Amino acid sequence: MLNLRFIQDNPELVIEKLKKRNFDASEIVKNILDLYKQKNRLQGQADQAKAEMNKISKEIGILFREGKADEANAAKTRTSEIKESIKQFDIDFAEIEKKVFDLQVQLPNLPHDSVVPGKGEDDNEIVKIVGTIPEMDANALPHWELAQKYNLIDFELGVKLTGAGFPVYRGKGARLQRALISFFLDQAREAGYEEIQPPLMVNEASAYGTGQLPDKEGQMYHDATDNLYMIPTAEVPVTNIYRDVILDAKDLPFKNTAYSSCFRREAGSYGKDVRGLNRLHQFDKVEIVQVAHPDESYKILDKMVAHVAQLVEKLELPYRILRLCGGDIGFTSALTYDFEVFSAAQEKWLEVSSVSNFESFQANRLKLRFREEGVKKPQIAHTLNGSALALPRIVAALLENNQTPEGIKIPKVLVPYTGFDIID
RNA sequence: GGAGAGAUGGCAGAGUGGUCGAAUGCGGCGGUCUUGAAAACCGUUGUACCGCGAGGUACCGGGGGUUCGAAUCCCUCUCUCUCCGCCA
């Protein structure tokens, strides 16, 4: 969420920048400014009343100790009125604070200057396209048919065990999954990321910390008995490592990578692009997360993009990088690059990674700060994350693009991990 | 699942109604001493909000209550630990 002080000091800037998202913030910002003034006035009054009260209480204590009980009791009678007004101030203050907060969380992050305005995905900028799109045989099979033909993934069995969107990987299909996970983790480690194995369920505080709550409540699986949420991405537990902490500036950036299964209810998304591995309730992903100094975060974003690009290249998949437009960028992001690989048999681009700089938007909610040498006041850090990479669509593209009459070829870089170079 | 104990500053740990934002120790930072370091000694060391500032307010797991006054008393919730049971 945006910092209140910042909104207060830069109302026009906030409104102007959010226009790129087709988000009209004028009403909300105006209300926030009004409430903020009220809040401060109220706090002034309340603090004054409390100061008065504290002073009297202290005096009463001294009087009692000196044995002047009469004077002490006389002083007591003066307090009841102040006490009442304090009570009322506190009630009003809490109410206004809640109103401000409710408005504050409605404002999305300010897009970076490089983000172009736009309505939706059609307006995204294609930064670059790498690799050549393979010419496929007319009878090339989509991955769900290949998965069945070579007995790699059993979607039907998943339905039996759990439900749609929970596929069962088996044999070389399962081994391919494991190989990809190891490969991605090793690559991240070599790039200096510390590997984390996080819990797959988180508590409410963590779900709030990264903004899954309150807005996206319906997108997470929730265990009501213990009030825990299945993570939709490793970003949630990993980023929450840094909730409520003050870091040393000289230790920045913090770099973490984590493999996890991800669980998403995907409520309301049935019917389109859900075939095979295209959209699942449970899938695997290796995530990279960085906590950065504000001055460094965009340099770091570029490095993260380069890291992801290099992964896709090593897998020999044709891909393109998009810079998301204002209308398509996520609520919490200031700048996002999406990676899409070309899936040859489906003949379409599939999103396999999303790399974002959240600037201070997420850190502000997390209370993730750092302290600069010699500066007393802690500052809000920047957070970034990206998928590196999400497995299912990578697998879909690998199967489809690498199919040959002899079988499915495994990219060279993966062979040491799979232990086989062809699926036949 | 049963029984018990506990939650205080970066950590450890005192504090059971007022002078407590909080002893003491460790750690951190600065300094003295030293060729340098260690040791010793001295000083310093929480966060947020409001205020131009002086300063004020809040925070001792969360919420509520008693009281002129709560870290301290009461209620409630959450979490952690120990023992027993079960168990990968």
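Excluded from the calculations below are hydrogen atoms, water molecules and symmetry mates; all remaining heavy atoms, backbone and side chain alike, are included. Note on naming: letters A, B, ... go to the chains in the order of the sequence lines (proteins, then strands), and numbering restarts at 1 for each one. Owing to the predicted nature of the structure, the values given are computational and were not obtained by experimental measurement.
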Can you check the [X] [atom1] to [N] [atom2] distance for me, whole Å?
X: A:Lys58; N: B:rU19; atom1: NZ; atom2: P; result: 6 Å
X: A:Leu228; N: B:rU78; atom1: CG; atom2: C1'; result: 13 Å
X: A:Ile86; N: B:rC68; atom1: CD1; atom2: P; result: 13 Å
X: A:Ile60; N: B:rU67; atom1: CD1; atom2: C1'; result: 10 Å
X: A:Asn227; N: B:rC77; atom1: CG; atom2: C1'; result: 13 Å
X: A:Asp226; N: B:rU78; atom1: CG; atom2: P; result: 11 Å
X: A:Glu84; N: B:rU67; atom1: CD; atom2: P; result: 12 Å
X: A:Asn73; N: B:rG18; atom1: CG; atom2: P; result: 18 Å

[M] and [N], which share atom name [atom1], separated by this distance in whole Å:
N: B:rU72; M: B:rA7; atom1: C1'; result: 15 Å
N: B:rG51; M: B:rA58; atom1: C1'; result: 15 Å
N: B:rU8; M: B:rC81; atom1: P; result: 14 Å
N: B:rA39; M: B:rG30; atom1: P; result: 15 Å
N: B:rG25; M: B:rA40; atom1: P; result: 12 Å
N: B:rU57; M: B:rA5; atom1: P; result: 38 Å
N: B:rU24; M: B:rA14; atom1: P; result: 15 Å
N: B:rG17; M: B:rC74; atom1: C1'; result: 13 Å

*Kindly indicate, with the supporting measurements, whether the criterion side chain to side chain donor-acceptor pair (under 3.5 Å) is fulfilled by A:Gln212 and A:Gln219.*
CA-CA 8 Å; A:Gln212 272 65 36; A:Gln219 291 301 326; over 6 Å; no

Applying a 3.5 Å limit to both distances, which nucleotide forms a Watson-Crick or G-U wobble pair with [N]?
N: B:rA7; value: B:rU78
N: B:rG1; value: B:rC84
N: B:rG51; value: none
N: B:rC41; value: B:rG31
N: B:rG21; value: none

*Which part of the nucleic acid, if any, lies within reach of A:Ile56 when heavy atoms closer than 4.0 Å are counted: base, sugar-phosphate only, or nothing?*
nothing

*With a non-hydrogen cut-off below 4.0 angstrom, is A:Arg78 in contact with a base, only sugar-phosphate, or nothing?*
nothing

_If I take atom CG from residue A:Leu141 and atom CD from residue A:Gln346, how far apart are they, to the nearest 0.5 angstrom?_
12.0 Å

*Is the centre of the A:His112 ring less than 6.0 Å from the centre of the A:Tyr298 ring?*
yes

_Pair A:Asp113 + A:Lys17: basic N to acidic O under 4.0 Å_ = yes

*asked:* Which label fits A:His293 and A:Phe370: parallel for a plane angle under 30°, tilted from 30 to 60°, or perpendicular past 60°?
replied: tilted

*Would you call the rings of A:His307 and A:Tyr193 parallel, tilted or perpendicular, where under 30° means parallel and over 60° means perpendicular?*
tilted

*Search all heavy atoms of A:Ile422 against all heavy atoms of A:Asp424 and return the closest pair with its distance.*
CG2-OD2, 3.6 Å

*asked:* Testing the basics here: between A:Ala258 and A:Leu185, what is the closest heavy-atom pair and its distance to 0.1 Å?
replied: C-CD2, 4.3 Å

*With nearest nucleotides of RNA chain B determined for A:Ser57 and A:Glu373 from heavy-atom distances, which residue corresponds to the more 5′ nucleotide?*
A:Ser57

*asked:* Output one letter per nucleotide in nucleotides 47-66 of chain B: B when a protein non-hydrogen atom lies under 4.0 Å from the base, S when only the sugar-phosphate is that close, - when neither is.
replied: SSBSS----BSS--------

